[in-house]
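To start, the structure under review is shown below, and the notes come after it.
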Amino acid sequence: MASNMYHKEKSIQMKSSASALYNNLSVLRIAPRSLTYFTVVHANMVNMVSASWDGLNYSHRQLQSKEANVATSSSLIMQAAWCVLPSRDILVLTSQKGIQMYESDGSIMVYWHALDTPETQTAQAVFARGIAAVREKYICVGISSGSMLVFDVPIKGSNITLSEVLEEHKESITDLASECSGSLECIADMVSADDSGNLCVWKSGEDFQLLNKIPGFDMSCSSVKLWKGTVVAGYGTGQIRLYEAVTGIVHAEVNAHARWIYSLDIAPFSGLLLSAAEDSLVRVWHLTMTPETNSVEIVHMYNECVTDTQICGAKFCDGDGYAFAVTGYDLSEIIRYTQV
Amino acid sequence: MSMRTLPLVFINLGGEMLYILDQRLQTQNTADDNTQKVMNDIIATMFSKAFMEELLKPQDLYSNRALRTVLTRLAHASIMRLNPASMDRLYELMVMAFKYQLLLCPRPRDLLIISYNHIDAIREFVRDTPSVLNQVDETHRKIIEVYTPLSDGEFQLLRQTLLIFLQDMHVRVSLFLKDKVQNPNGRFALSTTGPVPHGTEVPGLIRMFSGNGKEWKRWEFPTGGSYTSSIRVGSFERFGDRVSRIGTNMYSVTQPEETHTSKNYSQKANSEPNPLAKEELNLLARLLGGMKVQNRNTETGFRVNLFATDQEEEEDVQVNTELARIAGEFTGEPEQTESPEGPSNKGDDLLAMMDEL
């Protein structure tokens, strides 16, 4: 292990602290403008920070979860994530009340979808969680009931429509991920994970097709990624598992963390994997495909301990994994690390 | 977020409150009769059928102010009266202790063990009063019935909901600072050593599998922590060894200074614009309606300054308010400018409001 693979950079200060939610950091790199957006959820608000690459300019925006022009109290937000589509980047917020979609810098809300709430309050919590952009024109969002909503997104404008509702999971959706390698050869386009650890592998289209169902072991899968046909799943037990998406064959099992995993990320060009958990540790791994054995190998590269912090978000800032950023519960800063 | 937080919030926060009250009343040599009566009355109210039934209804967590109001009423369920400074300090201690317990909780499900540790202690407090003891037992049974079927994911959601509620609270508690579980900046120290939670493997192992499921390679990686195998699971039944000490009574009678707290006054105020919205008021009305209002005749009751440094605290508050005024700004914190004459001002207002509903 290279103990000096990364070093700590100057942190970015936020207007408020991060909440303890899965996958609580989203990063959007805007090369043409030499800046990077970071979004972090704080209770009923989203902190958006735009950071210029020269480190000189920072600007902040805070978004609340509410239906446009409706003066009801805002609800708690479960997740905020950027969906990168060919012609536009959409910021999606999922909350107890519904799903909001914003254009580019968060200044214009282009779509609102209200969740069905039962007439009388049931013990089952109602919320949306799990966000993924799939194959150029879809945005998928998970629901606490286990359903998933597929939205059709036009090249521009606000004519976003609900295209399909996928009913396969029986437990709350925890995370969604789309194939991030950029390869068009991969059959599987998306993977969804739920609170019992069940994983569903999908092919997108006018009608999404279920390719495979990988059973969980009654342990919540809180974060999931899909890269070159391999599912990488992080669990509440602190384990990471690698599966072949289409067949469900287990490639590897890692006793990675001592507490609940909160975030996974993959740098698609290099195959670096980032994992972060409540145990205060961020770990960097390297995935290599070995075509001869038709398997994926995982090698440990680096550890970073964020002292006295239960980490809730960790993302690479670029496709090579040259830099990554971390958020923790109760922390008002985004901690950054870059390769030495 | 989770609809099942309230019962556990009251059991744990209420439990912490009882630990502190018990220790403080004993330290101040309050008559044994009075102490026992206060404990019995508070526990009887907290575990009354009406109160618990209201809490067990699926609902969102109360706002900070609403919760604090109900807990204040709970503290006044008997003949004891606390001044605002005492109640402030009590609330801070309760909340910081619970926050610490939540953070340390090995698995989200272990929040039940923490709750049961509190219930076990509460049972001890009222062991000589069969009617109240019975209520505690009944409630415990109900809690087991309601919470046992929840999945680990649902418990984590519950825990996350509570952590959002407790976010940004960094009050320093002398007991925690002394034991080095809290840093001088108010944040808790989280260990990277010790036993892993039940169901988790000690980190460090990578295993590779071939297509037919057979392991073909394994190797270890450096973990940066020092973990050991998990210890046995505690009992989730009504009785039994809970194993974990989280949630047991931290306060001992011999160390009266443990409950000193200090707050950074530049902390942001609760930004809740309308703390008692109509729905919450209705909920509170039902909840408080279940509480028997004790005779407010102070001839039979007794007033308590829970903490020795209350006098200083009130002076600090005055000084800070004065400074703020001089600086040309008002802090706007209602607690700081509360008049010192009536310790139950807030309660009275609420009662008046209840009458009007």
Side-chain angles (χ1 to χ4, degrees), chain A residues 1 16-17 19-22 42-43 73 75-76 78 96 121-125 127 171-172 174 194-196 218-220 222 236-239 244 247 249-260 278-281 283 293-295 297-300 303-305 307-310 329-330 332, chain B residues 1-4 57-60 103 106-108 146 151-154 156-157 159-161 163-170 183 187-192 194 196-197 199-213 215-217 219-225 227 268 273-274 277:
Chain A
M1 182 195 85
S16 52
S17 56
S19 292
L21 298 162
Y22 304 143
H42 170 95
S73 62
S75 65
L76 290 175
M78 303 299 287
Q96 289 176 277
Q121 190 61 67
T122 62
Q124 166 81 1
F127 56 83
E171 305 294 325
S172 297
T174 46
D194 71 26
D195 251 346
S196 59
D218 256 338
M219 171 45 65
S220 183
S222 38
T237 50
Q239 258 195 358
E244 186 176 74
T247 60
I249 292 171
V250 182
H251 286 309
E253 199 175 270
V254 184
N255 297 338
H257 289 276
R259 290 285 190 280
W260 206 285
E278 281 178 353
D279 64 357
S280 306
L281 282 154
R283 303 197 197 276
T293 48
N294 193 33
S295 70
E297 212 169 88
I298 176 168
V299 171
H300 176 257
N303 292 327
E304 185 68 52
C305 180
T307 313
D308 298 335
T309 303
Q310 296 201 336
Y329 168 65
D330 246 356
S332 300
Chain B
M1 301 296 279
S2 179
M3 295 285 131
R4 289 236 174 264
K57 288 182 189 159
Q59 59 195 304
D60 271 319
L103 284 170
R107 310 169 297 169
V146 166
S151 69
D152 292 309
E154 283 172 295
Q156 183 65 287
L157 183 73
R159 184 173 168 272
Q160 289 174 342
T161 309
L163 285 175
I164 289 174
F165 179 78
L166 297 168
Q167 205 157 337
D168 303 322
M169 298 194 70
H170 302 298
N183 299 321
R187 290 164 188 277
F188 290 112
L190 301 179
S191 163
T192 52
V196 291
T200 293
E201 300 288 335
V202 176
L205 186 64
I206 301 174
R207 300 165 72 197
M208 305 284 313
F209 298 92
S210 57
N212 59 9
E215 183 187 306
W216 63 271
K217 191 173 171 188
W219 67 98
E220 299 199 353
F221 67 91
T223 57
Y227 295 102
K268 74 167 172 65
N274 186 8

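Labels below follow one simple rule: chain letters A, B, ... track the order of the sequence lines, proteins then strands, and each chain is numbered from 1. Side-chain atoms are counted along with the backbone in the values below, which use heavy atoms only and exclude waters and symmetry mates. Since the structure is predicted, the reported quantities are computational estimates derived from the model, not experimental observations.
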Measure [X] against the heavy atoms of chain A and call it side chain, backbone, both or neither at under 4.5 Å.
| X | result |
| --- | --- |
| B:Tyr227 | side chain |
| B:Arg107 | neither |
| B:Arg187 | side chain |
| B:Leu103 | both |
| B:Val202 | backbone |
| B:Asn212 | neither |

Identify which part of [X] has an atom lying under 4.5 Å from any heavy atom of chain B, answering side chain, backbone, both or neither.
| X | answer |
| --- | --- |
| A:Thr309 | backbone |
| A:Asp218 | backbone |
| A:Glu297 | both |
| A:Leu21 | both |

Given B:Ser151 and A:Glu171, is the side-chain hydrogen bond (donor to acceptor under 3.5 Å, both in side chains) satisfied, shown in steps?
CA-CA 10 Å; B:Ser151 69; A:Glu171 305 294 325; 5.0 Å; no

For the atom pair [atom1] ([X]) and [atom2] ([Y]), what is the distance rounded to the nearest 0.5 Å?
| X | Y | atom1 | atom2 | result |
| --- | --- | --- | --- | --- |
| B:Glu154 | A:Gln124 | CD | CD | 6.5 Å |
| B:Trp219 | A:Ile298 | CH2 | CD1 | 8.0 Å |
| B:Thr200 | A:His257 | OG1 | NE2 | 11.5 Å |
| B:Met3 | A:Gln96 | CE | CD | 5.5 Å |

What pair of heavy atoms forms the shortest contact from [X] to [Y], and how long is it?
| X | Y | value |
| --- | --- | --- |
| B:Asp152 | A:Trp260 | O-CH2, 3.7 Å |
| A:Asn303 | B:Gly224 | ND2-N, 4.0 Å |
| A:Ala125 | B:Leu157 | CB-CD2, 3.8 Å |
| B:Gly199 | A:Thr237 | O-CG2, 3.4 Å |
| A:Asp195 | B:Gly153 | OD1-CA, 3.4 Å |
| A:Arg283 | B:Pro222 | NH1-O, 4.1 Å |

Option that, when pairs with chain A are counted at under 4.5 Å, heavy atom only, ranks first among [options]:
| options | answer |
| --- | --- |
| B:Gly213, B:Gly225, B:Pro106, B:Gly194 | B:Pro106 |
| B:Ser2, B:Pro197, B:Ser191 | B:Pro197 |
| B:Glu201, B:Gln160, B:Glu215 | B:Gln160 |

What I'd like to find out is whether the side chain of A:Glu253 reaches to under 4.5 Å of the side chain of B:Leu205, using heavy atoms alone.
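Answer no - side chains too far apart.
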
Side chains of A:Asp330 and B:His170, heavy atoms from C-beta outward: is any pair under 4.5 Å?
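Answer yes - side chains close enough.
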
side-chain contact (heavy atoms from CB on, under 4.5 Å), that's the test. Do B:Met1 and A:Leu76 meet it? Break it down for me.
CA-CA 7 Å; B:Met1 301 296 279; A:Leu76 290 175; 3.1 Å; yes

Using a cut-off of under 4.5 Å on heavy-atom pairs, state which of A:Ser332, A:Gly236, A:Ala256, A:Cys305 scores highest against chain B.
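The residue among A:Ser332, A:Gly236, A:Ala256, A:Cys305 with the greatest pair count is A:Ala256.
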
Do B:Gln156 and A:Ser220 have side-chain N/O donor and acceptor atoms under 3.5 Å apart?
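Absent: no donor and acceptor within the cut-off.
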
Could you tell me whether a side-chain N or O of A:Tyr329 sits under 3.5 Å from a main-chain N or O of B:Leu163, the two making a donor and an acceptor?
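Yes: the side chain of A:Tyr329 pairs with the backbone of B:Leu163.
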
